Novice: 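Below is a structure I'd like to ask you about.
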There are 2 protein chains.
Amino acid sequence: MDGIRQVRMDEEEARRRILDAAERLFYARGIQAVGMDQIRDAAGVSLKRLYQCYASKDALVEAYLEHRDRRWNDALADHLGRVGEPCERMLAVFGFLAEWFGTADFRGCSFINAFGELGPASPPVAAAARAHKRTLRERLRTLAAEAGAADPDVLADQLLLLVEGAIVAAAMGTAADPAERARSAARALLDAATAPDHTLVSRQSHP
Amino acid sequence: MDGIRQVRMDEEEARRRILDAAERLFYARGIQAVGMDQIRDAAGVSLKRLYQCYASKDALVEAYLEHRDRRWNDALADHLGRVGEPCERMLAVFGFLAEWFGTADFRGCSFINAFGELGPASPPVAAAARAHKRTLRERLRTLAAEAGAADPDVLADQLLLLVEGAIVAAAMGTAADPAERARSAARALLDAATAPDHTLVSRQSHP
DNA sequence: CGTCGAGGAAAACGCTCGTTCTCTACGATA
DNA sequence: TATCGTAGAGAACGAGCGTTTTCCTCGACG
């Protein structure tokens, strides 16, 4: 049984190292630009092992996106969990972005990148990207509702636009301090969406 | 000289057809996923001709991005040129987006896609993408200033985030009617940026 | 009419990549 | 100790790609 156990641990360790290497390389250089040989080298395993852990490159790509989705959501939830006041918690999304943008290996959103690269040519990638963004939108909707927005769906969509835009702008370096700009915009939108007595705010302005 | 002229016209025609085919294919399927053979087939020229018009695939990619930059900027300028009132002209950017998003072959922003795909692996592509976005930001700054924003730079950055976010959301289908959501957000930001004081006094600037 | 140069079709070349196969080494077990 | 199954290293394979070359055709010009 010791033998079996040791084999199992090795397989787990191999899977972990492969996924780590794949995540690093795919995120840094894109999916098509990274070969299985490079992943093998970076993970320090044999090709045989690689293919017995992940049956194909497509399977590894799916695992990569799934893992990234989970880590990103967990990190965001952790960041938001430390904020009590609802309005501040909503705005804390942009504090989370600012931290993320500052990391050394930041290269934009894996899902936007993967979707732009493979697009509708790879239905699994497209589905993973849409699922990731749907989760994000749902979270923003909850935050908007808790912050007292009159129409949480509209504010959630607007916040989503700011988040996506900030990520893209940060990746390309097209706007100065995009997280802070997005945060101030979000505050203005929240103010407008919670203003008690104004009919000219942003809900369905013109039919 | 007739001979010379005819050769020249053929070369121009060939360049036009090659660039058209490359633009369509690169935009629809991504750059790495499209081979020179497919471009040759779609353009209806020979490989020899293709390579004497564009010395390499990289050169063709650059021409593709350049052409798309020019066409996109021209189309936007044309759309904005029909609007006289400054605030409405600024908001007309989002009407332009709505029209664009509705086109049959819409697949997001070529520059965001190309940047996400090749990223820093291809400095010319990265430079073209940044230049495109810089031009857009400059135009937004002008529109923001003309609309009376207190700080046109900040509003320009925020509008840029909304535009990029709307494009990404439209491409991935993650938000409902992203152009309209961005437009209403822009209106709220403009109101906040032109309000004489920080209170939420209503301004009847928009019908 | 014979020659020549340009142009098109397609083969060829060299390379990369995803995936599989071969060969060798080694550790566990009877 | 002899054997067997497994793992690792790397060659091998087949496909695709960017690019070049070959071969053939054809029209212009002396």
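Below, read A as the first sequence line, B as the second, and so on, with proteins coming before strands; counting in each chain starts at 1. None of these values were measured; they are calculated from a predicted model.
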Novice: Using a cut-off of strictly less than 4.0 Å between a heavy atom of the residue and any atom of DNA chain D, enumerate the qualifying residues of residues 114-128 of chain A by number.
Specialist: none
Novice: Do nucleotides 15-21 of chain C as a string where each nucleotide becomes B, S or -: B if the base has a protein heavy atom under 4.0 Å, S if just the sugar-phosphate does, - if no protein is that close.
Specialist: --SSBB-
Novice: Not counting sequence neighbours, which residues clear side chain to side chain donor-acceptor pair (under 3.5 Å) with Ser122(A)? List them please.
Specialist: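 Listed in chain order: nothing, the list is empty.
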Novice: How would you list, by chain and number, every residue that makes a side chain to side chain donor-acceptor pair (under 3.5 Å) with Glu146(B), sequence neighbours excluded?
Specialist: Arg89(B)
Novice: Between Leu50(A) (CG) and dA7(D) (P), how many Å, whole number?
Specialist: 14 Å
Novice: With sequence neighbours excluded, what pairs up with Arg187(A) under the side chain to side chain donor-acceptor pair (under 3.5 Å) test?
Specialist: none
Novice: State, with a plain yes or no, whether a side-chain heavy atom of Val93(A) is found less than 4.5 Å away from one of Phe96(A).
Specialist: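 With C-beta onward as the side chain, the pair stays apart.
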Novice: Going by the rule salt bridge (Lys or Arg N to Asp or Glu O under 4.0 Å), which residues pair with Arg137(B) if we only count those two or more places apart in sequence or in a different chain?
Specialist: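 Testing Arg137(B) for salt bridge (Lys or Arg N to Asp or Glu O under 4.0 Å), a comparison that skips the adjacent residues, returns Asp153(B), Asp157(B).
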Novice: CD of Glu11(A) versus P of dT6(D): gap in Å, rounded?
Specialist: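 That distance rounds to 13 Å.
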Novice: What residues form a side chain to side chain donor-acceptor pair (under 3.5 Å) with Gln38(B), not counting sequence neighbours?
Specialist: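 Partners of Gln38(B) under the side chain to side chain donor-acceptor pair (under 3.5 Å) test: Arg29(B).
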Novice: Using atom CZ of Arg49(A) as one end and atom C1' of dG10(D) as the other, report the distance to the nearest whole Å.
Specialist: 17 Å
Novice: The criterion is salt bridge (Lys or Arg N to Asp or Glu O under 4.0 Å); which residues satisfy it with Asp20(A), sequence neighbours excluded?
Specialist: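 Asp20(A): salt bridge (Lys or Arg N to Asp or Glu O under 4.0 Å) contacts with Arg16(A).
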Novice: Please name all residues satisfying salt bridge (Lys or Arg N to Asp or Glu O under 4.0 Å) with Glu99(B), sequence neighbours left out, ordered by chain then number.
Specialist: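 Here no residue qualifies.
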Novice: Between side-chain atoms of residues 67-76 of chain B and protein atoms elsewhere (two or more places apart, or another chain), which donor-acceptor pairs fall under 3.5 Å?
Specialist:
| unit_1 | atom_1 | unit_2 | atom_2 | d |
| --- | --- | --- | --- | --- |
| His67(B) | ND1 | Glu23(B) | OE1 | 2.6 |
| Arg68(B) | NE | Glu23(B) | OE2 | 3.4 |
| Arg68(B) | NH1 | Ser110(B) | OG | 3.0 |
| Asp69(B) | OD1 | Asn73(B) | ND2 | 3.2 |
| Asp69(B) | OD1 | His132(B) | ND1 | 2.6 |
| Arg71(B) | NE | Glu23(B) | OE2 | 3.3 |
| Arg71(B) | NH2 | Glu23(B) | OE2 | 2.8 |
| Asn73(B) | ND2 | Asp69(B) | O | 3.1 |

Novice: Please give the angle, rounded to 10 degrees, between the axes at the start and the end of the helix from dC1(C)-dG30(D) to dA30(C)-dT1(D), where five pairs define each axis.
Specialist: 30°
Novice: Closest nucleotide of DNA chain D for Arg40(A) versus for Gln52(A): which of these residues is on the 5' side?
Specialist: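 Closest to the 5' end, via its nearest nucleotide, is Gln52(A).
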Novice: State which residues pass salt bridge (Lys or Arg N to Asp or Glu O under 4.0 Å) with Glu117(A); sequence neighbours excluded, sorted by chain then number.
Specialist: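 Checked Glu117(A) against salt bridge (Lys or Arg N to Asp or Glu O under 4.0 Å); zero matches.
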